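Notes for the one structure printed next.
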Amino acid sequence: MVSTDFFSSDLEQLRDLQPADWGDLVPRFRYFIDSPFCKPIKITERGQVIAIGTSMFHKDTAWLACIVVHPDHRKKGLGNTITKELIDGIDRKHYPTIYLDATDFGYPVYKKLGFQVETEYAHYIRNQKTEGQVLSENLLEYEEKFSQEVLELDRKVSGEDRSGILNDFIDSAMLYVNNSKVEGFYIPGWGDGPVLAVTDVAGTELMKLRIQTYDNAVFPVENTISADFVTDNNFVFRKTSRRMYLGPKRVWQPRNLCNWISGQLG
C-alpha cells in the first residue's frame, strides 16, 4: 500500500481512528493540513482511511506524530508502512534527527525501524479536584516585546529551533516574568498545553495556572518538580510513553520541560 496526502475531506473519518485516551484528532489534523511545516498522510482501502500520520518540520529536526492505525486493520504491518513513508518523505540531510513519542503499540514498530529510546514521559491524571490556586503576580499575558526571549527559552529547553510552528501559537501564551526576564511560558488551548521553564519557581507557577484547565499532565521522568507538584494536587500516575529518536542525538533539557505537548509540536 502507498500513502497519499491527507485532505480536509478526510477529517470526517478521523472519529473511526480516534484512540480513546488521545486528544481530539480533528483540530490537530486541521492544523497539519493548513501548516507549511507539516505533511499529514493517509493510507486508504476502498475509500476508507485505515492509517494516518504526520511529519512536522522545525529548522533542522523533524517529528513524527499522530500515527494511528484503524482498529479493524491492525496487525497488518500498516504502522510500519506509514512510518516508513513518513521517514522517506524527510530530507535527512536537512533534518538529520527525527523524533517521536511512542505508545506501547508503536514502540516495537519504531524500534525495528532504528529509533532509540532517549527517555520516558510520565503521564498523570487528576482523580480529584483541588482547591483554587493562588496565582503569582509574575504571570503575564504575552506581548510581542517578549517574542525573542520566548523563542530562545524554547530553543534552550527543547534543543531545537521550533520557531516556525511556535509562532503560530505564541500570541496566546502566558509568561512567568521575573525582574523583566521571561523564565517560563505556557500555551493554553494548544494541544496538551505545553509548559517550559528555566527555573523551578516559574515552572510551578505556570503549572498552577495550567491545572485550572487541564486534568492531565505529561512530562519527562527527569522533571521531579512537576511530579511532586501534580502528586500534591491529586494527580495520580497512569502510564509512561517513550521519547525516541532516529539519527544524531541532540542536547535538550528534560528537567525544564514541565508539561509536554503531544501531537502538535514535538
Side-chain angles (χ1 to χ4, degrees), residues 6 11 14 18-19 21-40 53-59 61-68 99-101 121 123-126 135 139-144 146-177 182-198 202-203 205-220 223 226 230 241 243 252 254 256-266:
F6 189 99
L11 290 170
L14 288 180
Q18 176 73 53
D21 57 348
W22 288 26
D24 188 354
L25 291 175
V26 173
R28 296 182 183 192
F29 272 81
R30 187 174 287 120
Y31 175 76
F32 298 153
I33 293 166
D34 293 338
S35 173
F37 304 106
C38 303
K39 182 176 175 54
T54 194
S55 46
M56 296 179 291
F57 300 98
H58 301 311
K59 183 177 181 180
T61 59
W63 279 77
L64 308 186
C66 295
I67 299 172
V68 185
Y99 292 103
L100 55 78
D101 178 33
Y121 291 111
H123 297 242
Y124 285 77
I125 190 166
R126 178 157 47 191
L135 300 179
L139 295 174
L140 304 177
E141 293 183 355
Y142 171 82
E143 296 180 44
E144 189 173 354
F146 294 121
S147 173
Q148 291 308 308
E149 284 190 77
V150 171
L151 295 176
E152 180 56 35
L153 188 155
D154 184 74
R155 283 191 289 268
K156 180 177 180 179
V157 175
S158 70
E160 304 173 73
D161 184 337
R162 311 189 295 181
S163 55
I165 292 178
L166 189 55
N167 272 322
D168 287 341
F169 300 91
I170 197 171
D171 287 348
S172 62
M174 293 295 298
L175 312 179
Y176 184 89
V177 180
V182 176
E183 295 184 354
F185 70 87
Y186 157 52
I187 303 184
W190 180 29
D192 291 317
V195 176
L196 287 77
V198 293
E205 294 301 324
L206 288 164
M207 286 294 284
K208 285 182 183 179
L209 179 60
R210 183 185 176 277
I211 67 171
Q212 292 188 346
T213 303
Y214 291 87
D215 289 324
N216 71 315
V218 184
F219 44 82
N223 194 321
S226 284
V230 296
S241 59
R243 174 184 166 114
W252 65 305
N256 298 113
L257 183 54
C258 305
N259 195 80
W260 175 70
I261 179 167
S262 64
Q264 281 181 265
L265 178 63

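Keep in mind it's a predicted model, so treat the numbers as computed, not measured.
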Derivation of the side-chain contact (heavy atoms from CB on, under 4.5 Å) call for H58 and D161: CA-CA 6 Å; H58 301 311; D161 184 337; 5.8 Å; no
Full working for side-chain contact (heavy atoms from CB on, under 4.5 Å) between L135 and Q212: CA-CA 11 Å; L135 300 179; Q212 292 188 346; 3.7 Å; yes
Chi angles and distances behind the side-chain contact (heavy atoms from CB on, under 4.5 Å) call for N256, L196: CA-CA 6 Å; N256 298 113; L196 287 77; over 6 Å; no
side-chain contact (heavy atoms from CB on, under 4.5 Å) assessment of M174 paired with E141: CA-CA 5 Å; M174 293 295 298; E141 293 183 355; 3.7 Å; yes
Chi angles and distances behind the ring pair (Phe, Tyr, Trp, His ring centres under 6.0 Å) call for F29, F6: CA-CA 8 Å; F29 272 81; F6 189 99; 4.8 Å; yes
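Under a cutoff of 6.0 Å and an axis angle of 45°, R243 and W252 form a cation-pi pair.
Listed for the R210 side chain is no donor-acceptor partner under 3.5 Å among the backbone atoms of V195. At least one donor-acceptor pair under 3.5 Å links the side chain of S172 to the backbone N or O of F169. Put simply, the side chain of S226 gets close to the backbone of C258: a donor and an acceptor are under 3.5 Å apart. Side-chain atoms of Q18 come within 3.5 Å of backbone atoms of G23 as a donor-acceptor pair (strictly under, hydrogens ignored). Not a single donor-acceptor pair under 3.5 Å links the side chain of E183 to the backbone N or O of A202. Judged by distance alone, with hydrogens and angles left aside, the side-chain atoms of R126 form no donor-acceptor pair with the main-chain N or O of V230 at under 3.5 Å. A donor-acceptor pair is defined here as one N or O able to donate and one able to accept, closer than 3.5 Å; no such pair exists between the side chain of S35 and the backbone of Y31.
Y214 and N259 share no donor-acceptor pair across their side chains, judged by distance under 3.5 Å alone.
One finds the CD1 atom of I165 at 11.0 Å from the CH2 atom of W63 (value rounded to the nearest 0.5 Å). Distance check: D171 CG to S147 OG gives 9.0 Å after rounding to the nearest 0.5 Å. S241 contributes atom OG, which lies 3.5 Å from atom CG of D101 (distance to the nearest 0.5 angstrom). Note that the CG atom of L175 and the CD1 atom of I187 stand 9.0 Å from one another [nearest 0.5 Å]. One distance of note links CZ of R155 with CD of Q148; it measures 6.5 Å at 0.5 Å rounding. Put simply, CZ on F37 and CZ on R162 are 13.5 Å apart, with the number rounded to the nearest 0.5 Å.
Annotation for A197 and L153: closest pair N-CD2, 4.4 Å, computed over non-hydrogen atoms. When every heavy atom of V157 is checked against every heavy atom of L257, the shortest pair comes out as CG1-N, 4.0 Å. Heavy-atom minimum distance, C38 versus T54: CB-OG1, 4.1 Å. Residue F32 comes nearest to C66 through the heavy atom pair CE1-SG, 3.9 Å, listed as atom of the first residue, atom of the second, then distance.
In the displayed structure, K39 atom NZ is contacted under 6.0 Å by at most 12 heavy atoms of other residues, nucleotides or ligands.
Among Y121, Y124, Y99, the single residue meeting the ring pair (Phe, Tyr, Trp, His ring centres under 6.0 Å) criterion with W260 is Y121. The side chain to side chain contact (heavy atoms under 4.5 Å, CB included) with W190 is formed by just one residue from the set I170, L166, D168; it is L166.
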